[in-house]
Amino acid sequence: GEARAGAPGGGAEALAREAQRLFLRTFPGLEPCVAVAAPGRVNLIGEHTDYNRGLVLPMALPMVTVVVGCKSEDGVISLLTTAMEADEPRCLEFPVPSKVNPLNPGVPRWANYVKGIIQHYRARPLTGFKAVIASDVPLGGGLSSSASLEVAMYTFLQQICPDDGDLVAKAQTCQKAEHTFASVPCGIMDQFISVMGRKDHALLIDCRSLEVTPVPLTDPNLVVLITNSNVRHTLSGSEYSTRRSQCEAAAKALGKESLRCATMADLEALKASLDAEVYRRARHVITEIKRTTEAAEALKTGNYGQFGKLMVESHCSLRDDYDVSCQELDELVVAAMDGEGVFGSRMTGGGFGGCTVTLVETTAVEKTMQRIKDRYRGTATFYITKPSPGAYVMKLSGF
Ligand code: GAF
């Protein structure tokens with residue numbers, strides 16, 4: 001377990017230089033004139049609420065996916081990535097899609113996110129282009145490596161074929177790419193925060209109205225510590241859609257448009273007639289939305305004790321009612337909480353592996369990481385992070 005301080009900007013610059021070098025080697029004679037970056041995210045609280053039109057409280061990370069490249073006039077899209085699974089080829093070429101020749105998902109898997117974005121991009125006509133992709137968002141680590149790739153790709157296309165600049169539509173298009181090309185019926189959180197992220201702020205996002213309330217997170221005495229369990233259980237994909245259907249079934253049984261509109265009183269009144277599992281799923285969502293509202297308030301007023309308590313309640317609800325945690329994540333949370341100066345800890349993201357997020361006093365971070373390292377049976381990786389900006393075009397100086 002190694003601690004990596006997320007230095008906003010620094011990581012992105014280094015990645016862009018690496019991508020530029022690769023570009024020059026792969027496409028000799030061409031000049032990479034566009035460079036963009038889009039961040040991964042960590043969700044502080046509000047898990048599995050986004051597709052129930054509820055509230056979430058994520059922040060964008062200093063870790064990003066960058067795309068560096070240029071237009072070409074040959075009608076071909078040429079891609080090279082350094083961010084793929086070890087068993088996949090890292091290069092791919094295909095013609096610019098047309099009405100009669102659309103793109104379809106397939107292999108390599110990493111390219112599906114890119115192809116989905118190109119296929120659903122909101123402006124036409126697209127030209128060919130050549131691009132290199134690099135990322136320091138841990139792949140499949142529950143920190144939205146896929147959303148950061150989608151949003152980076154979209155941001156790149158905006159540079160070579162401008163759209164109307166509507167940021168909400170941008171996030172929604174990236175979500176649609178994930179639905180149709182990666183077969184994950186995700187909510188809007190990951191793509192939205194990767195587009196809208198704000199330096200020094202977590203964002204309270206209302207996934208019904210898409211209204212955003214930035215909450216400052218700059219207290220030097222407070223650290224957001226991410227711990228990667230470095231495990232990923234394969235059921236995450238299919239289980240995700242099962243949860244989503246169960247929530248929809250619960251909303252329907254309650255006669256509500258979504259679980260956002262339901263109260264615990266509504267749910268209790270119907271408990272006897274509901275499937276026991278569906279009841280527990282709905283209970284998680286309804287209580288989690290309430291916790292998220294309260295947590296945002298606690299963060300605004302600097303009540304970290306209260307915020308941390310809500311984080312732990314969120315974890316227990318995800319573990320016991322929503323069944324999306326796993327032994328490794330539970331262990332990490334227990335180890336994190338068992339010491340001085342720790343306000344709260346919970347699994348973050350979809351679950352079944354990936355990361356936990358811990359809110360801890362700056363003076364207690366070293367000890368907390370050591371304790372987790374000592375107790376965790378696997379190998380943990382740590383990231384000390386700060387809320388960072390959403391997707392951006394990088395300055396070309398140095399290119
Ligand atoms: C995944 C999804 F992509 C998000 O939309 C969200 O539902 C999250 O799981 C759980 O909160 O990251």
Side-chain angles (χ1 to χ4, degrees), residues 38-61 63 65 112-113 116 137-151 168 171-197 202-208 210 226 228-229 232-233 235-248 251 258-260 281-282 284-289 291-292 295 310-311 314-315 317-319 321-326 329 346-357:
R41 64 98 186 91
V42 65
N43 190 20
L44 300 177
I45 195 164
E47 218 66 84
H48 289 278
T49 51
D50 60 351
Y51 52 84
N52 291 296
R53 298 167 70 81
L55 300 165
V56 294
L57 187 63
M59 61 178 230
L61 293 174
M63 291 93 105
T65 298
N112 286 335
Y113 304 103
V137 186
L139 216 63
L143 301 180
S144 286
S145 52
S146 58
S148 77
L149 173 53
E150 290 154 2
V151 173
V168 170
Q172 286 167 333
T173 304
C174 294
Q175 179 193 23
K176 187 167 159 195
E178 177 108 14
H179 286 188
T180 54
F181 277 67
S183 302
V184 180
C186 63
I188 191 72
M189 170 169 67
D190 302 349
Q191 292 78 11
F192 199 88
I193 186 70
S194 185
V195 171
M196 308 284 184
L203 300 188
L204 178 67
I205 304 164
D206 182 328
C207 298
R208 181 167 59 189
L210 295 182
I226 298 173
N228 195 340
S229 69
R232 170 123 309 252
H233 298 292
L235 17 100
S236 54
S238 58
E239 291 291 316
Y240 189 90
S241 27
T242 310
R243 296 298 179 285
R244 195 170 173 158
S245 320
Q246 288 175 319
C247 290
E248 280 157 14
S258 67
L259 286 179
R260 171 68 181 276
R281 303 297 188 247
H284 165 72
V285 173
I286 295 169
T287 57
E288 182 78 353
I289 292 172
R291 280 188 290 273
T292 307
L310 293 163
M311 287 176 85
S314 165
H315 183 78
S317 177
L318 288 158
R319 181 192 63 197
D321 274 353
Y322 220 62
D323 284 318
V324 293
S325 187
C326 61
L329 293 171
R346 56 181 290 277
M347 57 155 274
T348 185
F352 302 103
C355 294
T356 62
V357 57

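Counting starts at 1 for both ligands and their atoms, in listed order. Computed from a predicted structure; not experimentally measured.
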Handout entry: CG on L143 to CE on M63, rounded to 0.5 Å
Key = 5.5 Å
Handout entry: Atom pair CE (M59) and CG (N43), whose distance is rounded to the nearest 0.5 Å
Key = 10.5 Å
Problem - Region of R41 that comes within reach of ligand 1 [heavy atoms, distance under 4.0 Å] - result: side chain
Completion exercise
One finds that the ligand 1 atoms under 4.0 Å from a non-hydrogen atom of E47 are 10 (C), 11 (O)
Practice task
Output the list of atoms in ligand 1 that are nearer than 4.0 Å to some heavy atom of G187, sorted by atom number.
Solution key: 5 (O)
Practice task
Pull out every atom of ligand 1 sitting under 4.0 Å from any heavy atom of Y51, numbered as shown with elements.
Solution key: 7 (O)
Fill in the blank from the handout: Across all chains, not counting sequence neighbours, the ring pair (Phe, Tyr, Trp, His ring centres under 6.0 Å) partners of H284 are Y322
Handout entry: Among S146, S145, S148, S194, side chain to side chain donor-acceptor pair (under 3.5 Å) partner for T65
Key = S148
Fill in the blank from the handout: shortest atom 12 (O) of ligand 1-to-protein heavy-atom contact is with D190 OD2, 2.8 Å
Practice task
Check whether any side-chain heavy atom of V324 sits under 4.5 Å from a side-chain heavy atom of M347, and report yes or no.
Solution key: yes
Exercise for the section: Look at ligand 1 and say whether R243 reaches it with a heavy atom at a distance under 4.0 Å. Expected result: no
Problem - atom 4 (C) of ligand 1 - nearest protein heavy atom and its distance - result: D50 OD2, 3.3 Å
Practice task
State whether the shortest distance between N or O atoms of N43 and N or O atoms of ligand 1 falls below 3.5 angstrom.
Solution key: no
Handout entry: Within-cut-off N or O pair, T49 and ligand 1, under 3.5 Å
Key = no
Problem - Beyond-backbone contact of M189 with E47, side-chain heavy atoms, under 4.5 angstrom - result: yes
Practice task
Decide side chain to side chain donor-acceptor pair (under 3.5 Å) for S314 and R346; before the verdict, give the C-alpha distance in whole Å, the side-chain angles of both, and the deciding distance to 0.1 Å.
Solution key: CA-CA 7 Å; S314 165; R346 56 181 290 277; 3.0 Å; yes
Handout entry: Element-labelled atoms of ligand 1 that are located less than 4.0 Å from some non-hydrogen atom of C186
Key = 2 (C), 3 (F), 5 (O)
Exercise for the section: Measure the distance from atom 2 (C) of ligand 1 to every protein heavy atom, then report the residue, atom name and distance (to 0.1 Å) of the closest one. Expected result: Y240 OH, 3.3 Å
Handout entry: Salt-bridge contact R281-D323 (side-chain N to carboxylate O under 4.0 Å)
Key = yes
Problem - atom 8 (C) of ligand 1: nearest protein contact (heavy atom, Å) - result: M189 CE, 3.9 Å
